[in-house]
There are 2 protein chains.
Amino acid sequence: MNHTVNPHVSVDCVIFGFDNERLNVLLIERSAGNIPVAVQYALPGDLVWEEESLDDAASRVLKELTNLEGIYLKQFKAFGNPNRVNDFKDLDWLQSYRQQPQARVITVGYYAFIRMDELQPEASSFAEKVFWRDIHEIPLLGFDHNEIVDEAIEVLRNDFDSNKVGFELLPDKFTLSQLQTLYESILDRKLDKRNFRKKVLKESIVVPLDEKQKGVLHKPAQLFELNQ
Amino acid sequence: MNHTVNPHVSVDCVIFGFDNERLNVLLIERSAGNIPVAVQYALPGDLVWEEESLDDAASRVLKELTNLEGIYLKQFKAFGNPNRVNDFKDLDWLQSYRQQPQARVITVGYYAFIRMDELQPEASSFAEKVFWRDIHEIPLLGFDHNEIVDEAIEVLRNDFDSNKVGFELLPDKFTLSQLQTLYESILDRKLDKRNFRKKVLKESIVVPLDEKQKGVLHKPAQLFELNQ
DNA sequence: AAACTTAGTGTAAAATTTACACTAATTGCA
DNA sequence: TGCAATTAGTGTAAATTTTACACTAAGTTT
């Protein structure tokens, strides 16, 4: 497992998860370096290996972090401000964890979708702990990671509008209400139930299953799956 | 004019121009290095300076190439395949023009809009000659530049659909037919004139001027300007 | 004067979007 | 057992947008 690292380019991943109510982002805790400081949060990411593509680097980061493969991944933007590092905590972290802390690093941002219940956290070279956070409650992150998160959400909204992405966030079987809540979470606005159902059924996005919900405190909803 | 160059990151610009009929891309001719080879084409681009942002680097490339400022510019993708350089002509060029030709370079792609008649070609460090080429007639370019062009066009189409960009390609005064042809060029499909006019006038995208075309071989069209 | 060419125009059918209320069917509790 | 609470499922119609279609007007050139 010896790879030559390219110290000038990294990938950071905005990993979205959906808990049937809200959209979440997976964040990591990173160790403080040499200075006593409160816990620090960041996006998962890593430097790119010399022999891997950007996409492969992002896939690797995801695999290391979540132990999942074949995850939906999309590059959304490159970040390369010369003054991305202007907080002493970030500088301290770089000095503890990077071989060339003074190198200017361009970061290519990716967003991804995983099922929250499929997450199997692995010890990785860049994350001690991982946790989910509602997209409306993102804490202060290292470097320019808050900006990266905001941008990813914006791009996701746009992508959703033009080609409906994000179904990977749902379980294999789901109710139309869950689907509606996903749409509403991504678009950040309410949709009318009757109109939503009518539209989704008309567009043949979903296929009804011969199954209903069980053990719910209300009328059991019919289950659907995605129309492949 | 002495800047430290970052040998690991470059920007390439897909510069769109519109000649009232078709969408074009501005390409450069680059010198052959040491080997006798037919003329080579590429996208304009340059390595990023250590103290400049990615956006600033792209602006600089544009300014050097076209002598224009304040150009509409948008980042659309990062390209970083490890084997971007696998043609001997490209390798030869790198060896003649780059200080560290062996360095792996990540390229951040930008697209831009300029008026074709405003182009004032300048001698620049990276282009000997520039020329416009219809987007359907792009020759074989260096490195992965053909892929970069294709991607830019795709992104432009998407961006146009979601937030109508590209009006900068038109002159200050234009006819509705010119506007329609711009739409059709970007979308790559015909639009119905009556419907187009009705829609555009309804959306208040344009403002009618007290002026008509002159010296045309048909009924003179009314001139419009963009509604700021 | 005629030929050629594009500018400018309206109707209406089809499709989509928007807005709105009530009964059905489960679990849990008294 | 009945009730409370809660979400599932449903249709109508008005408003808006999209789609499809043909002919006269007004210049320049021959």
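The sequence lines fix the lettering, A, B, ..., with proteins before strands; numbering per chain opens at 1.
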Taking OP1 and OP2 of D:dT7, is either one under 4.0 Å from a side-chain nitrogen or oxygen of A:Ser177?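 Result: no.
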For the side chain of [X], counting heavy atoms from C-beta on, which of [options] is nearest?
X: B:Ala221; options: C:dG8, D:dA20, C:dT9; result: C:dG8
X: B:Arg197; options: C:dG8, D:dA26, D:dA8; result: C:dG8
X: A:Leu217; options: C:dC20, C:dG28, D:dA25; result: C:dG28
X: A:His218; options: C:dA7, C:dA24, C:dT26; result: C:dT26
X: A:Lys198; options: D:dT28, D:dG11, D:dA8; result: D:dG11
X: A:Lys202; options: C:dA25, C:dG10, C:dT16; result: C:dT16

Atom-to-atom span, [atom1] of [X] to [atom2] of [N] - whole angstrom:
X: B:Leu191; N: D:dA20; atom1: CG; atom2: P; result: 11 Å
X: A:Arg194; N: C:dA19; atom1: CZ; atom2: P; result: 12 Å
X: A:Gln222; N: C:dA25; atom1: CD; atom2: P; result: 13 Å
X: B:Leu179; N: C:dG8; atom1: CG; atom2: P; result: 12 Å
X: A:Leu176; N: D:dT10; atom1: CG; atom2: C1'; result: 12 Å
X: B:Phe196; N: C:dG10; atom1: CZ; atom2: P; result: 17 Å
X: A:Leu187; N: C:dT18; atom1: CG; atom2: P; result: 12 Å
X: A:Lys214; N: C:dG28; atom1: NZ; atom2: C1'; result: 20 Å

Report, as yes or no, whether the 6.0 Å neighbourhood of atom CD on B:Glu137 holds more than 12 heavy atoms from other residues, nucleotides or ligands.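 Result for CD/B:Glu137: enclosed.
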Ring-plane angle category for A:Phe160 and A:Tyr183, please: parallel below 30°, perpendicular beyond 60°, tilted otherwise.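 A:Phe160 vs A:Tyr183 ring planes: perpendicular.
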Please work out whether the ring planes of A:Phe76 and A:Tyr111 are parallel, tilted or perpendicular, with thresholds of 30° and 60°.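 The arrangement is tilted - the two ring planes meet at 30° to 60°.
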By nearest heavy atom, map A:Asp192 and A:Thr175 onto DNA chain D; which one lands nearer the 5' end?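 Upstream on the strand: A:Thr175.
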With nearest nucleotides of DNA chain D determined for B:Lys193 and A:Asn195 from heavy-atom distances, which residue corresponds to the more 5′ nucleotide?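 The answer here is A:Asn195.
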Between B:Arg197 and B:Asp192, does any NZ, NE, NH1 or NH2 come within less than 4.0 Å of an OD or OE carboxylate oxygen?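 Result for this pair is no, no salt bridge flagged.
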Within the 3.5 Å criterion, strictly below it, is a donor on B:Asn67 or B:Lys63 matched to an acceptor on the partner's side chain?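 Yes, because at least one side-chain N or O of B:Asn67 sits under 3.5 Å from a partner of the opposite role on B:Lys63.
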For A:Glu203 and A:Val216, take the nucleotide of DNA chain C holding the closest heavy atom to each; which residue's nucleotide lies nearer the 5' end?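 In this pair, the answer is A:Glu203.
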Just call it for A:Lys212: base, sugar-phosphate, or nothing, with non-hydrogen atoms closer than 4.0 Å on any strand.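 Nothing: the residue A:Lys212, judged by heavy atoms under 4.0 Å, touches no strand.
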